Protein chains: 2
Amino acid sequence: MKQSKQKRKQDLVETIENNPFITDEALAKRFSVSVQTIRLDRSELGIPELRTRIKQVAETNHDDVKALTNEEIIGEIIDLQLDETAISILDIHEDQVFTRSGIARGHHLFAQANSLAVAIINDEFAVTGRANVRFMRQVQAGERVVAKASVTKKSDDWPVITVNSYVDQALVFKGEFVMSRG
Amino acid sequence: MKQSKQKRKQDLVETIENNPFITDEALAKRFSVSVQTIRLDRSELGIPELRTRIKQVAETNHDDVKALTNEEIIGEIIDLQLDETAISILDIHEDQVFTRSGIARGHHLFAQANSLAVAIINDEFAVTGRANVRFMRQVQAGERVVAKASVTKKSDDWPVITVNSYVDQALVFKGEFVMSRG
DNA sequence: CTTTTCTTATGACTAGCTGCTAATCGTAGT
DNA sequence: ACTACGATTAGCAGCTAGTCATAAGAAAAG
């Protein structure tokens with residue numbers, strides 16, 4: 001069935017969206033137009049060719065370079081006394097755990113604690129110098145991690161922050177962060 | 001470096017397994033043999049061509065709810081000998097640094113090293129038990145961090161992995177990870 | 001009836017293969 | 001030394017699913 005160019009383009013986008021594995025030839029048959037017309041439409045719509053599309057689908061879930069959340073702070077700070085204590089919460093999401101075991105990847109707990117340690121120091125250029133961490137118990141997806149930080153050694157050069165993270169009442173993470181002023 | 005056919009075939013399987021997006025030409029270069037040899041090896045091993053491989057990857061995680069082969073890794077692993085050594089690279093992006101100082105937030109370096117430590121252990125349920133890390137030098141946006149991991153203590157219960165990360169030749173991160181098998 | 005837009009056709013080119021045949025290399029056995 | 005053998009390399013036709021550029025024909029709009 002022949003349709004208007006507008007309509008065909010709309011349908012084309014939809015069709016490809018829910019079946020990225022379709023070739024131009026198949027599309028041509030489906031819309032009763034020539035392959036060339038499909039190519040024209042695709043180029044006008046900025047839709048890449050089949051192989052590129054497949055690759056994109058493959059990459060979205062295979063891509064190794066998975067970044068951590070791009071927020072300045074991992075977790076939500078709910079209490080903060082500068083240079084004293086701080087508390088943050090982090091809800092462990094489905095994609096922060098190992099798909100096989102369902103256990104939260106360690107670096108997320110580290111990131112939460114590290115963020116908190118940085119936040120507690122009243123300095124614009126505070127960075128972590130050293131850290132000593134321990135994962136006490138595995139955390140599952142859906143659990144809420146509460147991190148409690150306190151400055152255990154006040155020093156302008158090397159303040160030390162201790163972070164304890166809990167799920168309910170259970171200690172899941174212990175960390176000691178030695179900071180440095182940038 | 002030339003190797004025996006057996007060894008090459010083994011390496012070929014591994015290489016393709018953790019990077020299905022590699023062409024025969026690239027493989028030929030990597031193993032210092034001709035493209036024809038790679039094709040021969042592939043056909044003997046029953047490994048399909050690039051496009052088919054990509055399609056398989058795309059398909060398995062298109063209709064798949066629970067992907068098992070999902071390697072959640074921060075950074076790109078460029079070399080891996082299970083239970084021995086591993087190397088990964090991570091390009092520090094604009095939004096992985098503190099907006100004020102431009103210094104990479106520590107947990108990204110930790111995440112890279114932690115991922116590598118998990119990957120090196122030949123176990124589906126390996127998790128980090130303890131870690132001792134040190135940030136030697138600040139890393140700026142745009143810099144490429146190369147993490148080198150090696151198993152320093154082989155143990156079924158508590159293997160220890162040492163990770164050293166470099167920017168150019170400079171050591172920027174040192175970490176010791178004590179793993180536990182889930 | 002023109003003009004413009006749309007559609008289709010054509011030819012030349014590409015990557016990354018397959019499948020086949022033929023030649024060469026190095027090593028080992030007799 | 002000769003030969004046999006496995007491993008390697010080379011070359012070529014053909015394939016898919018495209019690319020780009022150009023041109024010509026059809027349909028719609030002015």
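Per chain, numbering begins at 1; letters A, B, ... match sequence-line order. Everything quoted here is computed from the prediction, not taken from an experiment.
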- Query: Are the charged groups of B:Lys154 and B:Glu84 less than 4.0 angstrom apart, N to O?
  - Reply: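 Looking at B:Glu84 together with B:Lys154, the answer is yes, because their closest N to O distance falls below 4.0 Å.
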- Item | Ion pair check, A:Glu49 and A:Lys55, cut-off under 4.0 Å | no
- What does A:Arg42 touch in the nucleic acid at a heavy-atom separation under 4.0 angstrom: a base, only the sugar-phosphate, or nothing?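 Since only primed, P, OP1 and OP2 atoms lie under 4.0 Å of A:Arg42, the category is sugar-phosphate.
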Of all the choices, [options], which nucleotide is nearest to the side chain of [X] once you look at every atom?
X	options	value
B:Glu49	C:dT10, D:dG11, C:dT18	C:dT18
B:Gln36	D:dG11, D:dT8, C:dT8	D:dG11
B:Arg39	D:dT19, D:dA10, C:dT18	C:dT18
A:Leu50	D:dG11, C:dG16, D:dA17	D:dA17

- Message: Could you check whether any side-chain heavy atom of A:Arg42 comes within less than 4.5 Å of a side-chain heavy atom of A:Ile16, counting everything from C-beta outward?
- Response: yes
- Taking only N and O in the side chain of B:Thr37, is any of them less than 4.0 Å away from OP1 or OP2 of D:dT8?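 Answer is no, no contact under 4.0 Å.
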- Query: Has A:Arg8 got a side-chain N or O lying under 4.0 Å from the OP1 or OP2 atom of C:dT7?
  - Reply: yes
- B:Phe177 ring center near A:Phe135 ring center (under 6.0 Å): no
- Message: Suppose we call a contact any N or O donor and acceptor under 3.5 Å apart; does that hold for the side chain of A:Arg51 and the base of D:dG18?
- Response: no
